[in-house]
Amino acid sequence: NRQLTFDQSSNFQPTVSPDGKYIVFISNRNGKSNLWRMNIDGSEQTALIENVKNIYSPNFTLDGKWIIYEQRESSNMTTIWKMNVENKNTVQLTQINAERPTVSPDGKFFACAYGTPSKLAIISIDGGQPLKILNFPLVLKSKSFRWANDGKSLIYMDKRDRISNLWAQPISGGPPKQLTFFDSGQIYTFDVSHDGKGFAFSRGNESSDVVMFNNFK
């Protein structure tokens, strides 16, 4: 392990470029949660977008030319945008509330939570109206979801009997398939390996206590 950021701020949601040269991440070191980039060794940390809005959930497209992200417009409105890595031009992709974008393996689409109340939408990487609206509440309930490597399913976290496991929901419909079989603990976040043969995830246990106070004023 080697630490890459050292400033007194929150740096989170890292994602590596397809060519393995850069890490894009979110940092609030300038007061807002904005998009930053550094070399894979942590050097040359620079802001890609310094915006008055908060930005989250960065994804690279397959060719590495664009970064898809969500932009918090207000307390109850979030939209999806993309930024050209070369010239930093930005393009708005959704006009109504949408969040948690994840780019398909072929780079042609992204899935996201869309509308109010939220449905799962499949949208062209160029934006516009959804190509598909899917009613998969368990996928939306997951803190994050990712495409399977074949582009036919969405992988998500599901907590049953207080135990987290990964499941795959086919885009075409039908029952989801369980992928991990842990019998204890929680999965907090995960990603799919580039070759589609495995996962990386953070996992642990949570505990809590009930405390009673007497004779307080």
Side-chain angles (χ1 to χ4, degrees), residues 1-5 11-27 33-51 55-71 79-94 98-113 120-128 130-132 139 142-157 166 168-169 171 179 187-202:
N1 292 336
R2 182 158 57 89
Q3 188 172 347
L4 298 179
T5 59
N11 302 281
F12 54 98
Q13 294 184 338
T15 183
V16 179
S17 62
D19 60 10
K21 294 181 179 180
Y22 304 104
I23 300 172
V24 165
F25 62 102
I26 304 300
S27 177
S33 295
N34 280 314
L35 196 62
W36 286 67
R37 185 179 72 178
M38 60 182 165
N39 295 332
I40 198 70
D41 63 0
S43 62
E44 298 184 24
Q45 298 187 21
T46 58
L48 294 178
I49 297 177
E50 294 186 88
N51 205 322
I55 289 172
Y56 303 99
S57 305
N59 285 239
F60 276 97
T61 55
L62 183 66
D63 57 12
K65 294 181 179 179
W66 295 87
I67 299 169
I68 310 294
Y69 59 92
E70 66 177 61
Q71 180 168 291
T79 52
I80 308 297
W81 294 65
K82 68 178 181 180
M83 188 205 73
N84 186 288
V85 174
E86 283 191 13
N87 57 31
K88 299 184 181 180
N89 287 341
T90 59
V91 179
Q92 187 171 354
L93 300 179
T94 66
E99 57 188 13
R100 290 184 287 161
T102 179
V103 179
S104 63
D106 61 9
K108 295 180 180 180
F109 313 101
F110 66 92
C112 65
L120 187 70
I122 309 296
I123 301 175
S124 166
I125 205 70
D126 296 320
L131 304 174
K132 291 182 179 180
V139 178
S142 177
K143 291 180 181 179
S144 61
F145 45 86
R146 297 285 184 267
W147 291 83
N149 190 253
D150 60 7
K152 295 181 180 180
S153 301
L154 287 169
I155 299 172
Y156 65 99
M157 298 179 290
L166 298 181
Q169 172 62 59
I171 297 295
L179 301 178
I187 297 174
Y188 301 106
T189 187
F190 76 97
D191 209 344
V192 182
S193 63
H194 288 301
D195 61 11
K197 296 180 180 179
F199 309 99
F201 51 84
S202 60

Peer 1: Does the side chain of Ile67 come within less than 4.5 Å of Val85's, by heavy atoms?
Peer 2: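 The answer is yes; the side chains approach within 4.5 Å.
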Peer 1: For the atom pair OG (Ser27) and CD1 (Ile55), what is the distance rounded to the nearest 0.5 Å?
Peer 2: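 With rounding to 0.5 Å, OG (Ser27) is 12.0 Å from CD1 (Ile55).
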Peer 1: Provide the closest heavy-atom pair for Ile155 versus Phe190 in the form atom of the first, atom of the second, distance.
Peer 2: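 Heavy atoms only, the tightest pair is O-CZ, 3.4 Å.
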Peer 1: Could you tell me which non-hydrogen atom of Ile125 sits nearest to which non-hydrogen atom of Leu93, and how far apart they are?
Peer 2: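 Here Ile125 and Leu93 meet closest at O-CD2, 3.8 Å.
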Peer 1: Mind checking the CD1-CH2 spacing from Ile171 to Trp147? Nearest 0.5 Å is all I need.
Peer 2: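 Ile171 atom CD1 to Trp147 atom CH2 measures 4.5 Å (nearest 0.5 Å).
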Peer 1: I'd like to check Asp191 versus Arg146 (side-chain heavy atoms, cut-off strictly below 4.5 Å). Are they in contact?
Peer 2: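 Yes, side chains in contact.
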Peer 1: Between Ser104 and Gly151 (side chain of the first, backbone of the second, donor and acceptor by atom type, cut-off under 3.5 Å), is there such a pair?
Peer 2: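 Absent.
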Peer 1: Side chains of Thr102 and Asn59: closer than 4.5 Å at any heavy-atom pair?
Peer 2: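 Result yes, sub-4.5 Å side-chain heavy-atom pair found.
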Peer 1: Measure the CE-OH distance between Met38 and Tyr22 for me, rounded to the nearest 0.5 Å.
Peer 2: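 Here the interatomic distance stands at 13.0 Å.
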Peer 1: So which heavy atom on Phe12 is nearest to which on Ser33, and how close?
Peer 2: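 Minimum heavy-atom contact is CZ-OG, 4.0 Å.
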Peer 1: Enter the distance from Ile23:CD1 to Gln45:CD here, rounded to the nearest 0.5 Å.
Peer 2: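 So the CD1 of Ile23 and the CD of Gln45 are separated by 9.0 Å.
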Peer 1: Write down the atom of Val139, the atom of Gln169, and the distance for their closest heavy-atom approach.
Peer 2: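 Smallest heavy-atom distance, with atoms named: CG2-CB, 3.8 Å.
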Peer 1: Is Asp126 close to Lys82 at the side-chain level, that is, under 4.5 Å between some pair of heavy atoms?
Peer 2: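 Side-chain contact under 4.5 Å: yes.
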Peer 1: In Å and rounded to the nearest 0.5 Å, what is the OH to NZ distance from Tyr188 to Lys143?
Peer 2: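 Rounded to the nearest 0.5 Å, the OH-NZ separation comes out at 8.0 Å.
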Peer 1: Between Leu179 and Ala168, which heavy-atom pair has the shortest distance, and what is it?
Peer 2: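 Closest heavy-atom pair between Leu179 and Ala168: CD1-CB, 3.9 Å.
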Peer 1: Quick one: closest heavy-atom pair of Arg100 and Glu70, and the distance?
Peer 2: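 Heavy-atom minimum between the residues: N-OE1, 2.7 Å.
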Peer 1: For the atom pair CE (Met157) and CZ (Phe145), what is the distance rounded to the nearest 0.5 Å?
Peer 2: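 Interatomic distance, Met157 CE to Phe145 CZ, rounded to 0.5 Å: 10.5 Å.
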Peer 1: Is there side-chain contact between Phe25 and Leu4, with heavy atoms separated by less than 4.5 Å?
Peer 2: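 Side-chain contact under 4.5 Å: no.
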Peer 1: Just say parallel, tilted or perpendicular for the rings of Tyr69 and Trp81, cut-offs at 30° and 60°.
Peer 2: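 Aromatic pair Tyr69/Trp81 classed parallel.
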Peer 1: Given Asn149 and Asp195, is the side-chain contact (heavy atoms from CB on, under 4.5 Å) satisfied, shown in steps?
Peer 2: CA-CA 7 Å; Asn149 190 253; Asp195 61 11; 6.0 Å; no
Peer 1: Can Asp41 and Arg2 be counted as an ion pair, charged N to O under 4.0 angstrom?
Peer 2: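 So Asp41 does not pair with Arg2 through a salt bridge.
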Peer 1: Check the pair Ile123, Ile80 against side-chain contact (heavy atoms from CB on, under 4.5 Å), reporting the backbone distance first and the verdict last.
Peer 2: CA-CA 10 Å; Ile123 301 175; Ile80 308 297; over 6 Å; no
Peer 1: Does the side chain of Ile26 come within less than 4.5 Å of Pro58's, by heavy atoms?
Peer 2: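 They are in side-chain contact.
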Peer 1: Please lay out, stage by stage, how Lys88 and Leu48 fare under the test side-chain contact (heavy atoms from CB on, under 4.5 Å).
Peer 2: CA-CA 7 Å; Lys88 299 184 181 180; Leu48 294 178; 4.0 Å; yes
